Amino acid sequence: WLGYLRSYEHMGRVRVSCDGGCSCLATLIDAHDTKDGVSVTDVRRVVLRAARRGVGEEREAAGRGAGCCSVRLRVAQGSSSGEHKFKLMSLLLGGADANS
């Protein structure tokens, strides 16, 4: 889960992607929301999938730190507010048993 600031002014969009030792479905988060006229912390679920490796590859990757999962947020050019602020508030991780 990614926690971020959602607000009625100044907010932009980010593209979420993953690489390294994991993958995820690329997605776009728009933090601009005019319907309530308030700023709140919102959350978005991002499902991470571990990259599959053979036994030899696992040992080799561990020595290089290549098994690390990278979650990347890049500010998108366009926005519905005309501005580009994005504030990541939290990154919440769970194991295989954290299904909900």
Side-chain angles (χ1 to χ4, degrees):
W1 296 89
L2 297 175
Y4 61 95
L5 179 66
R6 187 184 77 210
S7 183
Y8 61 98
E9 60 182 358
H10 308 298
M11 305 310 288
R13 299 175 179 149
V14 295
R15 295 188 186 286
V16 180
S17 62
C18 303
D19 60 15
C22 67
S23 64
C24 64
L25 183 62
T27 188
L28 182 70
I29 298 175
D30 190 347
H32 182 236
D33 185 358
T34 60
K35 68 181 175 201
D36 296 327
V38 296
S39 298
V40 297
T41 300
D42 202 353
V43 293
R44 176 72 60 94
R45 185 173 186 199
V46 177
V47 178
L48 303 177
R49 305 250 185 249
R52 295 183 180 246
R53 297 177 192 226
V55 175
E57 291 175 304
E58 195 66 41
R59 282 190 219 116
E60 184 179 328
R64 295 190 321 262
C68 294
C69 176
S70 296
V71 179
R72 177 172 296 179
L73 282 68
R74 288 192 174 169
V75 176
Q77 285 189 329
S79 76
S80 55
S81 72
E83 298 184 50
H84 298 89
K85 178 179 176 181
F86 190 88
K87 185 172 185 177
L88 180 67
M89 307 288 280
S90 62
L91 175 61
L92 308 168
L93 301 173
D97 59 345
N99 291 326
S100 54

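It should be emphasised that the depicted structure is a prediction, and the values quoted were computed from it without experimental measurement.
Linking Ile, Leu, Val, Met, Phe, Trp and Tyr residues whenever their side-chain heavy atoms come within less than 4.5 Å leaves L2 and V47 in two separate clusters. No continuous path of ILVMFWY side-chain contacts below 4.5 Å connects L88 to L28, so the two sit in separate hydrophobic clusters.
Counting heavy atoms from C-beta outward, V16 and V71 have side chains that approach closer than 4.5 Å. Counting heavy atoms from C-beta on, the side chains of L73 and R15 never come closer than 4.5 Å.
Between the CZ atom in R45 and the CG atom in L25 there is a gap of 12.0 Å [rounded to 0.5 Å]. Note that CE of M11 is 8.5 Å distant from NZ of K87, once rounded to the nearest 0.5 Å. Taking CG of L5 as the start and NE2 of H10 as the end, the distance is 10.5 Å to the nearest 0.5 Å. Note: R72 CZ to S17 OG = 6.0 Å, rounded to the nearest 0.5 Å. Taking NE2 of H32 as the start and CD of E83 as the end, the distance is 8.5 Å to the nearest 0.5 Å. Taken to the nearest 0.5 Å, the OH atom of Y4 stands 3.5 Å off from the CG atom of D42.
In this structure, H84 contributes its side chain and S79 its backbone to no donor-acceptor pair below 3.5 Å.
If you check the gamma sulfurs of C69 and C18, they are not less than 2.5 Å from each other.
The shortest heavy-atom contact between G12 and F86 is O-CD1, 4.3 Å. Pairing each heavy atom of G20 with each of A51, the nearest pair is O-CB, 4.4 Å. The minimum heavy-atom distance linking V75 with V14 is given by the pair CA-CG1, 4.0 Å. Taking every heavy atom of both residues into account, L48 and C22 meet most closely at CD2-SG, 4.4 Å. Here the closest heavy-atom approach between residue M89 and residue T41 is recorded as CE-OG1, 3.7 Å.
If you run side chain to side chain contact (heavy atoms under 4.5 Å, CB included) between R6 and each of V40, D30, I29, V38, only V40 comes through.
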- Intermediate values then yes/no, side-chain contact (heavy atoms from CB on, under 4.5 Å), R13 and S80: CA-CA 8 Å; R13 299 175 179 149; S80 55; 3.6 Å; yes

